[in-house]
Structure formats: C-alpha cells, structure tokens
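Structure first, then comments.
Each chain gets a letter, A, B and so on, in the order the sequences are listed, and its residues count up from 1.
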Amino acid sequence: MNETREESIMEENLTEILKVRREKLAKLRETGKDPFDITKFSPTHKSTTILNEFEFLEGQEVVIAGRIMTKRVMGKASFAHILDSSGQIQIFVQVNALGKEAYEDFKAMDIGDIIGVEGEVFKTKKGEISVKASEITLLSKSLQPLPEKWHGLKDTDLRYRQRHVDLIVNPDVRKTFIIRSKVIQGIRRYLDEKGFLEVDTPILHNTAGGASARPFITHHNTLDIDMYLRIALELHLKRLIVGGFDKVYEMGRIFRNEGMSVKHNPEFTMIELYQAYADYEDIMELTEDMISTVAKDVLGTTEIEYQGQPIDLTPPWNRMTMVEAVKKYTGVDFDSLKEEEVARALKEIGIEVDNPVTWGEALNIAFEERVEDKLVQPTFITDYPIEISPLAKKIKHDSRLTYRFEIFITGREFGNAYTELNDPIDQKERFIEQAKQRAEGDDEAHMMDEDFVSALEIGMPPTGGLGIGVDRLIMLLTDSYSIRDVILFPTMRQRDK
RNA sequence: GACCCAUUAGCUCAGUCGGUAGAGCACUUGACUUUUAAUCAAGGAGUCCGGCGUUCGAGUCGCCGAUGGGUCACCA
C-alpha cells in the first residue's frame, strides 16, 4: 500500500467522489458564488403544473426550483431533469442563451444539486415539454452522490434509515406517503363533519391502560416518578365523555413495547373515537361508512387490491359473532359447550393448550388459530368473551360475552370496538380480576386505574367506542406489504454498536 | 426470543474449484448545440460488514459477533 495515499484518506476520511464535490463547493465559495449564502428563491410554477397546462403556458416565462436528477451534456447544449415536490420536468440549457460563464457553472453542477431555473416553456423536437433556461441559480450544493437513477435505492436498511434519499429516488415511496396524508385528512374530515370534537390527551401516563400490552417506561426527573408512554387513547377519551363531550376522537401515536414484524412497529398511529348514547351496532355502521368514504375520497373507489387479493370495502360488511365464526370454520359449537369440555374441543381441532383455559379463552384461541386469517373481505366479528374484554359491557342475556367487535380485512385485525362498560362497580371488579392475572405474571393484563373508575362513578352515558390502527389501514389502501413502508422513519436499531 | 437468508466501489449487482477484485450507473478529463438509461474515448475509485480460526494462500471454508430482511413465537 502506498503510504502517502493511505494517510490522505485517513486524514480526510472521504472517498474521491466526496472530495470532488467538496472541492467544487470550495471553488464556488472562492469565486463569491457560495450557494449557501442564498436565503430565498421564488418559483412561479410546479413542474406538473407546466406539464398539465402546457397549452396555456407554451412560450411563457416560468421560474421553477428543484433537484437535478439527470444531466446530459452535449457540448454547447445540455438537458437535465429537475425534481420538485410535484414531479419532474426537463430543462434545456444552451450556452447561447445562458452565456459562457453561466454555462460552465452549469456543467460543473452535480446530480443532486438544487437549482432554480428561469426560462421559457416549450416542447423539444422529440416532443417533451421542457423549460429553456435563460438563468440558472445554484441554490444548494449536494455533497453526497445520489443512488443510481435506474435501479434506485433498494437496500431496505438504507431506505428506512435514509428515508430522505428513498423519497428522492423512489417515486412510489413519495406516493405512498402522500396517500397516507390524505387518508389521515380524510378521517379527520369525515369525523369533523359528523360533529366529533378532536382532542389531545396525555402521552405520558401514570398507569398504562386501555389495552393489553407491555408499555415503555420513562422517568420524570422533577416529580421523580416513572411514567408510561400510552398504549391506548381509551381511558382519557371516555373521561371526556363523562365530562360532557358527546362525540370525541383523537388520532395519535401510541407505544407498545412488543415484538416487531411486518404488521407491528413499536410506535404507531391509532384513531379512537367515542360517541355517547350509541352502541356497538351504531359504531359498526360508522366504521364501514368511514372507511369506505375515505377510500373513495382518496382512491376514488371502494374496490381495491391488496397484495394481489381483491378487497371490496363497499358497505355493508359481513357480520358474524365469534361463536358463529368458530362454528363455521371448525364445526365446533362453543355455545353448547361447558367449561370443562372446551380443552377437549380444542384438541379435536388440533390445538394443544398447556394451561387450563376458561370457556372464553378457549373460544378466542379457536378463533385466532382457525378463523382469523380466513377473514379476507371486511368482516365484523362480534361478541367477544368477557375475560379478554375488560372494558366492554357484558351482554345482557349471556354474561360470558361482551358487546365488542373487531374488524378483520385481509386476515388481519384493523380495529376494535365496544359498547363501553359504564358500570363503575363492574369495571372495578374487572380491573381487580386483571390485577390478579398481573400478579400471577401476566404483564400484559390491564392495570387498575382508580382515576378511571372514579370517573365512571360520576356517571358516563351509554357509549360506543372504536379504535383503528391507522398504519394498517394505510397499508391496505397503499397496497404496502410492510408497516415500515407506511411509517416515514420506522424504529431501527442504532447502527454504531 | 428461535430458525433461515443477505451484507463486495457512492448505488444496483457479478465473482467458477480456495490462487492477489469485476460490470453498469455515478465520478474525473476530452469530443459533441434537441438529448432522454444520450453517445464516443481515456482515467480514478474497495475496511469484500467486523473479529478469530483452518490453510502455503480466504471475498469464497469454519466459529463468534454486528446490522438488515423473511418465517415463526409474542402481540388491542
């Protein structure tokens, strides 16, 4: 190895390609053309506006700004494509139009640089709508090369860690996140029009409630207490129903300290809504109407495709009780089974359980193991066992079950809803039962929440509530395979050590 | 947490049987005034993810580790 070269690489720790760009910047600074001195630039048009309204804009002067994505220099004339927030447009650059010095400056610009271009809208010989540059301003120098124009950035690790690069070079990614934004807007618009009040409730909780999940724990220094990042929005929202708001919702980030997968990110976005004087039947209607409305608003249709499967979101959706669903897919009729018979019934359909299970637990296991992934078209599964539904009102004629439903599409759970339990005495007993399970080592069992019970004692009207995993809904509507593809910066391990 | 797969130039990828590292794009220099994966000529660019081992010799084989992906487990 050549020692001097090795030293210089150590010194700068830069590859040649990075050095060249830094040298170009240094030269610009020496000649008083530092792009980073510029504080403002005022484009008059977006690229797609020019493409869409060419017949009106042909021959007119426009100013655009964006990033150089391709560059083809052919002696005294050049072409380049500029990417702005709306898309790409070609520019045509000639030494005659620009002058010699400015043209040389342009030739020294790199793919990735951000420029402003003033010029006339025209169509090239080959028929591409373009801007004939009369002035080019370098607005920012890019010191790192972009990934290849043809294959883009494929390495998932780099795509998630450097999402900014992913967004520049992979147009579908940009599209996905635009749809994400529109879906969220659409949900808000729908609920606002229905008279729901959007609220913000705390993310730092003293007890982590509203779901069965392990929380993240953090610490408040001044109060010197451990706090939990919320695992659900539920309990505060119901306290607002107690407080007299009839219809509330919150769309926000929640945090669950659990495994990661194609369907799970540790932090994700949830919408929860509560409507006083409504039951879960009303909420089913609202759910199918809201999701189909948003799909139509954003995609223009309720008939979509997810990973090759056609999905029809048009209401009304299928409805089945959990008992009916298990009977349909396994032949086992839990309704007529006694508690001591359920373990044998599970065994008959090929499910072994280690610990003794209650009737409701067995029903839920049978459902999860043998039914869930069959529910491809939108389906409400209703009437969940009471043991796994500590916040839902029990069914009047069958105390084993609650007025609860979950939404299944593509074999996955999308949402959860109840006729809310508003009997404070029952609620307290349910929490006590959960606390017992917690003491027995189930760290996902619900925590006792005295503040919430106290709120119910003040009196909560009969209420229907709903929670929907927004990221999963966006996956469905953008045909994304992984939840990481709909979260801009998914949770990743620190790279250095 | 378990298992499987991947990691080679800035990016996308080849790399045979273990024998001193390759392509395209990008970059540099030159030619070129309507190109569009521009073209043509020349050139530069590597911690082969890291460590240890086997071997005369390791990108290649073995072990340990890192990061990512997938499957499963867990999971309103």
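Taking the six-membered ring for Trp and thresholds of 30 and 60 degrees, A:Tyr280 and A:Phe405 have ring planes inclined between 30 and 60 degrees apart.
Contacts of A:Val73 with the nucleic acid, taken as non-hydrogen atoms under 4.0 Å apart, include base atoms. Base engagement by A:Met270 is indicated by at least one non-hydrogen atom pair under 4.0 Å involving a base atom. A:Arg472 comes within contact range of no nucleotide atom at all, as no heavy-atom separation falls under 4.0 Å. Across all strands shown, A:Tyr481 has heavy atoms under 4.0 Å from sugar-phosphate atoms exclusively, and none from any base. Within the nucleic acid shown, A:Glu258 comes within 4.0 Å of sugar-phosphate atoms alone, with no base atom in reach, counting heavy atoms only. Note on A:Arg159: nothing from the nucleic acid sits closer than 4.0 angstrom, heavy atoms only. If you check every strand for non-hydrogen atoms under 4.0 Å, A:Lys71 touches nothing. Heavy atoms of A:Gln90 sit under 4.0 angstrom from at least one base atom. Across all strands shown, A:Gly152 has heavy atoms under 4.0 Å from sugar-phosphate atoms exclusively, and none from any base. Within 4.0 Å of A:Lys154, counting heavy atoms only, lie sugar-phosphate atoms of the nucleic acid but no base atom.
Interatomic distance, CG of A:Leu153 versus CD of A:Gln162, reported as 7.5 Å (0.5 Å rounding). In this structure, CE on A:Met475 lies 6.0 Å from CD1 on A:Ile483, to the nearest 0.5 angstrom.
The side chain of A:Leu158 sits closest to B:C11 out of B:G69, B:C11, B:U35. Minimum atom distance to the side chain of A:Arg493 is reached by B:U67, of the listed B:U34, B:U67, B:C74. If you check B:C74, B:U36, B:U67 against the side chain of A:His81, the one that comes closest is B:U36. Among the nucleotides B:U36, B:A37, B:A45, the one closest to the side chain of A:Lys149 is B:A37. Listed nucleotides B:A26, B:G69, B:C11 differ in distance to A:Thr156; the shortest reach to its side chain belongs to B:G69. Proximity note for A:Met492 (side chain, C-beta onward) versus B:G70, B:U34, B:G68: the nearest is B:G68.
On the P atoms, B:A6 is 13 Å away from B:U60, given to the nearest whole Å. With both ends at atom C1', the span from B:C49 to B:U8 equals 10 Å, rounded to whole Å. Distance noted for atom C1' between B:C52 and B:C27: 37 Å (whole Å). Across the C1' atoms, B:A26 and B:A37 are found 13 Å apart, a figure rounded to whole Å.
Neither OP1 nor OP2 of B:U39 sits under 4.0 Å from any side-chain N or O of A:Arg72. Taking only side-chain nitrogens and oxygens, A:Arg484 comes nearer than 4.0 Å to OP1 or OP2 of B:G70. Using a 4.0 Å cut-off, no side-chain N or O of A:Arg214 falls inside it from OP1 or OP2 of B:C75. Regarding contacts with the backbone of B:U28, a side-chain N or O of A:Lys24 is found under 4.0 angstrom from either OP1 or OP2.
Residues A:Glu272 and A:Lys238 are not paired through a salt bridge, judged by the lack of any N-O separation under 4.0 Å between the basic side chain and the carboxylate. Look at A:Asp110 and A:Lys71 and you find no salt bridge, because none of the NZ, NE, NH1 or NH2 atoms lies under 4.0 Å from a carboxylate O. Salt bridge A:Glu16/A:Lys19: absent, no basic N to carboxylate O contact under 4.0 Å.
Residue A:Asp110 contributes atom CG, which lies 15 Å from atom C1' of B:C11 at whole-angstrom precision. Between A:Ile129 atom CD1 and B:U34 atom P there is a gap of 20 Å when expressed in whole angstrom units. Following rounding to the nearest Å, A:Phe106 (CZ) and B:U33 (C1') show an atom-to-atom distance of 13 Å. When rounded to the nearest whole Å, the span between CZ of A:Arg256 and P of B:C74 equals 17 Å. The distance from atom CG of A:Asn257 to atom P of B:C75 is 14 Å, rounded to the nearest whole Å. Here B:U12 presents its P atom at 11 Å from CD of A:Gln162, a figure rounded to the nearest Å. Rounded to a whole Å, the CZ atom of A:Phe92 is 11 Å from the P atom of B:U33. One atom, CG of A:Asp166, and another, P of B:G68, lie 16 Å apart when rounded to the nearest Å.
No hydrogens or angles were tested; on distance alone, nothing pairs the side chain of A:Glu148 with the base of B:G10 as donor and acceptor under 3.5 Å. With hydrogens and angles left out, the side chain of A:His151 and the base of B:C11 share no donor-acceptor pair within 3.5 Å. Side-chain N/O atoms of A:Thr124 and base N/O atoms of B:U35 include a donor-acceptor pair closer than 3.5 Å. No N or O donor and acceptor, one from the side chain of A:Gln144 and one from the base of B:G10, sit under 3.5 Å apart. On a pure distance criterion of 3.5 Å, no polar donor-acceptor pair joins the side chain of A:Asp155 and the base of B:U12.
Where RNA chain B pairs in unbroken runs of 3 or more (Watson-Crick or G-U, both distances under 3.5 Å), the stems are B:1-7 with B:66-72, B:10-13 with B:22-25, B:27-31 with B:39-43, B:49-53 with B:61-65.
If you find the closest nucleotide of RNA chain B to A:Ile111 and to A:Leu153, the one lying nearer the 5' end belongs to A:Leu153. Residue whose closest nucleotide on RNA chain B sits further toward the 5' end, between A:Asn96 and A:Glu368: A:Asn96.
A donor-acceptor contact closer than 3.5 angstrom is absent between the side chains of A:Lys76 and A:Asn96.
Exactly one residue among A:Lys263, A:Arg159, A:Lys175, A:Arg180 makes a salt bridge (Lys or Arg N to Asp or Glu O under 4.0 Å) with A:Asp485. That residue is A:Arg159. Checking A:Asn170, A:Leu158, A:Asp166, A:Val165 one by one against A:Pro147, the side chain to side chain contact (heavy atoms under 4.5 Å, CB included) holds for a single residue, A:Val165.
With ring centers used as reference points, A:Phe334 lies 6.0 Å or more from A:Phe367.
Heavy atoms of other residues, nucleotides or ligands lying less than 6.0 angstrom from CD of A:Glu198 number more than 12.
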